[in-house]
Participant: 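The structure that follows is given in the form of structure tokens.
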Amino acid sequence: MNEAVRVRFAPSNTGHLHMGGARTALFNWFFARHTGGTAILRVEDTDQERSTEAYYDAILEAFDWLGLDWDEGPYRQTERMEMYAGAARRMLEAGTAYRCTCTPDEVEEMRQKARAEGKTPKYDGRCRDRYDADPTEPFCLRLRTPDEGETVVNDLLAGSVTFQNDQLDDMVIVRTNGAPTYNFCVAVDDIDMRISHVIRGNDHLSNTPKQILVYNALGEAPPRFAHISMILGSDKKRLSKRHGATSVLEFREQGYLPDAFINYLVRLGWSFGDQEIFTREEIIRNFSIDNLNLSAAVFNPKKLLWTNQEHIMSGEAGGLLALLEERLRARDLDPDMLTREARLGVVEELRTRAKTLEELADGATFFFRQGVEFDEKAVKKFLKPEVAGPLARAREAIAGVEPFSPEGVKTAFERVLEAEGMKLGKLAQPVRVAITGGTVSPGIFETLCLLGKERSLERIDKALSLINQP
RNA sequence: GGCCCCAUCGUCUAGUGGUUAGGACACAGGCCUCUCAAGCCUGGAACGGGGGUUCAAAUCCCCCUGGGGUCACCA
């Protein structure tokens, strides 16, 4: 029982990596890292119709973003065709597979009939013992499924799940065109890759007995299985585009941190006491299949947002800044408008105010613009004629602050306030609108200092002339 | 419909026979306060129903109900 842990994540490149797939990949990856095992990536690209190279690349890109590295692979099933052919040949020779010359139409007819009679729709096995078939007739290969008995899936999570063999079909393992089928390839690959644990979505539970039958036919012992719960939309329906973003890369665009995204996804169906926020290392250290939940989980965008903010607040400033700069450049803004020290200050001031990197960029934008883009309503409400005086005096006070620090600015403000007999709120908002264009920003003293004395004065002058103009 | 899985606040979950059923998100109220956040405090909110087993059941068993999955020469 001391076998080496070897797990695999096996997406098909018929679409983007979505949340559900990512979560399955995560559980596999964390299990491997926790146990010191091997994580393998295998792309199931045998669907000629729907597989594309673009999706293949996008899937790898998604893993790159998530920071999941694979110890082996990516393997591609299209590069392993000889192996499936070899396995099929061995099964044919052993009599655990047979040639079937029935056409899809004929099989469909059988199913219709069985369904009409209220029985399990399945192929009736009429080609099982035919030795008289015309050798030139096209044929597919079917697995010879036992007529009686049962196939038991020993699931690490669900316990033993029993399937009656008579419910199972003689499934096609090699198509008439020679292409091997999914359930066959999976089993052959998992045998070849010496997979010890198959951790995958619950939707595969009913495929499992079919795959176990292939293991049996090939004389191999099946791996351990763990079928994890699925992710549902807020309407408890399977997650789809209707529920908003589902592709992993979309979350990158929206400004989620990979560690936060991982944190949220892993917590969906897995728990460790009352802890909500985890670093990657903490998950590796504490991950266990035993703590996985059996029931389906509803995706909650608000909690994802909260998780993201938690990671933004605790993240390393330099890394966050690099990500912020990327987004500023995408908005045609030049990060070098501020010194690196000031930029780090911007991150510190804004990290408690942003749930995503996009919001971080929104809040930082006014620092990196040449001038100010005024918000109409803010101007109307706060840059009124009566504040011209106090604002002008605040301008002079600010001009005299040396060195230009938040404490210094604060002291200068206090002097003006006292002379004017005003409350800070009455002065801070006009100044804020003057230098940011809007009514929301970090503390006014910090904001002035990060923006710098020169640029602050320029902006206040601009606001002053705006007030005096009309 | 057959087969299979699942079932604690709106949501994510803790709980493994004896708890005032805990935490988190969200929500509501308050404190703090130069705006917005963050932070702190408070509040409402759950064991789907019915039978058993037991001195005792959210925890074990059965039925029902509800939700999900799956029934291809797709993966």
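Every chain is numbered from 1 and lettered A, B, ... according to where its sequence line falls, protein lines coming before strand lines.
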Participant: So, are A:Asp166 and A:Lys122 salt-bridged, with charged N and O less than 4.0 Å apart?
Facilitator: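 Answer for the salt bridge query: no.
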
Participant: Sort out the partner of B:A45 for me: Watson-Crick or G-U wobble, both distances under 3.5 Å, none otherwise.
Facilitator: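 For B:A45, the partner nucleotide comes out as none, under the 3.5 Å rule.
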
Participant: Considering only side-chain heavy atoms of A:Asn300, which listed nucleotide, B:C6, B:G69, B:U11, is closest?
Facilitator: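 Minimum distance to the A:Asn300 side chain belongs to B:U11.
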
Participant: In whole Å, measure the gap between the C1' atoms of B:C32 and B:G49 for me.
Facilitator: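 Rounded to whole Å, the distance is 48 Å.
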
Participant: Could you measure between the two C1' atoms, the one in B:G44 and the one in B:G50, and give it in whole Å?
Facilitator: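 It works out to 30 Å between them.
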
Participant: Rounded to the nearest angstrom, tell me the gap between atom CG in A:Leu265 and atom P in B:U13.
Facilitator: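 Computing the A:Leu265:CG to B:U13:P distance gives 12 Å.
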
Participant: Any side-chain N or O of A:Thr176 less than 4.0 Å from the OP1 or OP2 oxygen of B:C73?
Facilitator: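 False: A:Thr176 side-chain N/O out of range (4.0 Å or more) of B:C73 OP1/OP2.
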
Participant: Identify the nucleotide, in any strand shown, that forms a Watson-Crick or G-U wobble pair with B:A7, with both distances under 3.5 Å; if there is none, say none.
Facilitator: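 B:A7 is paired, partner B:U65.
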
Participant: Using the P atom in both, what is the distance from B:A45 to B:C40, to the nearest Å?
Facilitator: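 Rounded to whole Å, the distance is 24 Å.
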
Participant: Out of B:C6, B:C34, B:U35, which nucleotide sits closest to the side chain of A:Arg353?
Facilitator: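 Nucleotide nearest to A:Arg353's side chain: B:U35.
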
Participant: Counting only Watson-Crick or G-U wobble pairs whose two distances fall under 3.5 Å, which nucleotide matches B:U59?
Facilitator: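 Answer to the pairing question: none, since B:U59 forms no Watson-Crick or G-U pair.
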
Participant: Could you state the CH2-P distance from A:Trp270 to B:G15, rounded to the nearest angstrom?
Facilitator: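 Taking atom P of B:G15 as the reference, CH2 of A:Trp270 is at 12 Å.
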
Participant: Please pick, from B:U13, B:C73, B:U35, the nucleotide with the shortest atom-to-atom distance to any side-chain atom of A:Val440.
Facilitator: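 Closest nucleotide to the A:Val440 side chain: B:U35.
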
Participant: Ignoring the backbone of A:Gln309, work out which of B:A38, B:A75, B:G23 is nearest its side chain.
Facilitator: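 Of the candidates, B:A38 comes closest.
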
Participant: Compare the minimum distances between each of B:A75, B:G2, B:C12 and the side chain of A:Tyr182, then state the nucleotide with the smallest one.
Facilitator: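 Selected nucleotide (nearest to the side chain): B:A75.
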
Participant: Would you tell me if any nitrogen or oxygen in the side chain of A:Asn293 comes within less than 4.0 Å of OP1 or OP2 on B:A14?
Facilitator: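 For B:A14, OP1 or OP2 has a side-chain N or O of A:Asn293 closer than 4.0 Å.
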
Participant: Tell me the interatomic distance from A:Gln429, atom CD, to B:C34, atom C1', rounded to whole angstroms.
Facilitator: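 Rounded to the whole Å, the gap is 7 Å.
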
Participant: Determine the interatomic distance between C1' on B:G69 and the same-named atom on B:C27; round to the nearest Å.
Facilitator: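 It works out to 33 Å between them.
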
Participant: When you get a sec, tell me which of B:A26, B:C34, B:A38 is the closest nucleotide to the side chain of A:Trp306?
Facilitator: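 The nucleotide sitting nearest to the side chain is B:A26.
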
Participant: Starting at atom CG of A:Leu305, determine the distance to atom C1' of B:A24, rounded to an integer number of angstrom.
Facilitator: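 Checked: the CG to C1' distance equals 15 Å.
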
Participant: Looking only at N and O atoms, is any donor in the side chain of A:Arg432 or the base of B:C34 less than 3.5 Å from an acceptor on the other one?
Facilitator: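 Yes, a donor-acceptor pair under 3.5 Å.
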
Participant: Does A:Lys423 place a side-chain N or O at less than 4.0 Å from the phosphate oxygens OP1/OP2 of B:C34?
Facilitator: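 Looking at the OP1 and OP2 atoms of B:C34, neither is under 4.0 Å from any side-chain N or O of A:Lys423.
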
Participant: So, A:Arg42 and A:Asp45, do they make that salt bridge, N to O below 4.0 Å?
Facilitator: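 No, no charged N to carboxylate O under 4.0 Å.
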
Participant: Using a 3.5 Å distance criterion without hydrogens, assess whether the side chain of A:Asn165 forms a donor-acceptor pair with backbone atoms of A:Glu148.
Facilitator: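 Yes, A:Asn165 side chain to A:Glu148 backbone: donor-acceptor pair under 3.5 Å.
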
Participant: Rounded to whole angstrom units, what separation is found between the CD atom of A:Gln275 and the P atom of B:G23?
Facilitator: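 It works out to 17 Å between those atoms.
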
Participant: Using a cut-off of less than 4.0 Å, is there contact between a side-chain N or O of A:Ser271 and OP1 or OP2 of B:A14?
Facilitator: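 Yes, within the criterion.
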
Participant: Tell which nucleotide pairs with B:C71, taking only Watson-Crick or G-U wobble pairs whose two distances are both under 3.5 angstrom.
Facilitator: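 B:C71 is paired with B:G1.
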
Participant: Quick one: do the A:Ser441 and A:Arg432 side chains pair a donor with an acceptor below 3.5 Å?
Facilitator: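 Present: a donor and an acceptor within the cut-off.
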
Participant: A:Ser295 has a side chain; which of B:A37, B:C6, B:A75 sits nearest to it?
Facilitator: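 Nearest listed nucleotide: B:C6.
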
Participant: Closer than 4.0 Å, any side-chain N/O of A:Arg267 to the OP1 or OP2 of B:U13?
Facilitator: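 Result: no.
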
Participant: Is the centre of the A:His243 ring less than 6.0 Å from the centre of the A:Phe299 ring?
Facilitator: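 No, the ring of A:His243 stays outside the 6.0 Å limit from the ring of A:Phe299, centre to centre.
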
Participant: Using a cut-off of less than 4.0 Å, is there contact between a side-chain N or O of A:Arg50 and OP1 or OP2 of B:A75?
Facilitator: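 False: A:Arg50 side-chain N/O out of range (4.0 Å or more) of B:A75 OP1/OP2.
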
Participant: Against A:Tyr56, only a single residue in A:Ser51, A:Pro74, A:Ser12 fulfils side-chain contact (heavy atoms from CB on, under 4.5 Å); can you say which?
Facilitator: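 So the option named by the test is A:Pro74.
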
Participant: Taking donor-acceptor contacts at under 3.5 Å, does the side chain of A:Asp274 reach the base of B:G22?
Facilitator: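 When only heavy-atom distances are counted, A:Asp274 does reach the base of B:G22 through a donor-acceptor pair under 3.5 Å.
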
Participant: Do the ring centers of A:Phe27 and A:Trp270 come within less than 6.0 Å of each other?
Facilitator: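 Ring-ring flag for A:Phe27/A:Trp270: false, centres at least 6.0 Å apart.
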
Participant: If you pin A:Glu108 and A:Val298 to their nearest nucleotides in RNA chain B, which one's is more 5'?
Facilitator: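 Between the two, 5'-proximity favours A:Val298.
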
Participant: The side chain of A:Ala428 lies closest to which of these nucleotides: B:A24, B:C34, B:A75?
Facilitator: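 For A:Ala428, the side-chain atoms sit closest to B:C34.
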
Participant: Taking the C1' atom in each of B:A26 and B:A7, what is the distance between them to the nearest angstrom?
Facilitator: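 Approximately 22 Å lies between the C1' atom of B:A26 and that of B:A7.
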
Participant: Using a heavy-atom cut-off of under 4.0 Å over every strand shown, decide if A:Gly425 touches base, sugar-phosphate, or nothing.
Facilitator: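 Sugar-phosphate, backbone atoms only, no base.
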
Participant: Quick one: is A:Arg111 getting a side-chain N or O under 4.0 Å of the B:C73 phosphate, OP1 or OP2?
Facilitator: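 Indeed, a polar side-chain atom of A:Arg111 lies that close.
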
Participant: B:G39 and B:C47: how far apart are their P atoms, nearest whole angstrom?
Facilitator: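 B:G39 and B:C47 have their P atoms separated by 30 Å.
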
Participant: Round to a whole Å and report the spacing from CG of A:Asp203 to P of B:C6.
Facilitator: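 That distance rounds to 15 Å.
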
Participant: Has A:Asn263 got a side-chain atom pairing as donor or acceptor with A:Phe278's backbone, closer than 3.5 angstrom?
Facilitator: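 Checked: pair present.
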
Participant: Could you state the atom-to-atom distance from CZ of A:Arg238 to P of B:G68 in whole Å?
Facilitator: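 Going from A:Arg238 (CZ) to B:G68 (P), I get 11 Å.
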
Participant: Rounding to an integer number of angstrom, what distance separates B:A14 and B:A58 when you compare their C1' atoms?
Facilitator: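 It comes out at 12 Å once rounded to the nearest Å.
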
Participant: Determine, for A:Arg76 against A:Glu53, whether the closest basic-nitrogen to carboxylate-oxygen distance falls under 4.0 angstrom.
Facilitator: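 Salt bridge flag = yes for A:Glu53 with A:Arg76.
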
Participant: For the side chain of A:Thr181, counting heavy atoms from C-beta on, which of B:A75, B:C6, B:C3 is nearest?
Facilitator: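 For A:Thr181, the side-chain atoms sit closest to B:A75.
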
Participant: Identify the nucleotide, in any strand shown, that forms a Watson-Crick or G-U wobble pair with B:C40, with both distances under 3.5 Å; if there is none, say none.
Facilitator: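 Pair assignment: B:C40 / B:G30.
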
Participant: In whole angstrom, give me the gap between the P atoms of B:A75 and B:G17.
Facilitator: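 That atom pair is separated by 46 Å.
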
Participant: Between P on B:A7 and NZ on A:Lys236, what's the gap in Å once rounded to a whole number?
Facilitator: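 In whole Å, B:A7 P lies 12 Å from A:Lys236 NZ.
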
Participant: Specify the residue among A:Gly273 and A:Leu205 whose closest nucleotide of RNA chain B lies further upstream toward the 5′ end.
Facilitator: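 Its nearest nucleotide lies further toward 5', so the answer is A:Leu205.
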
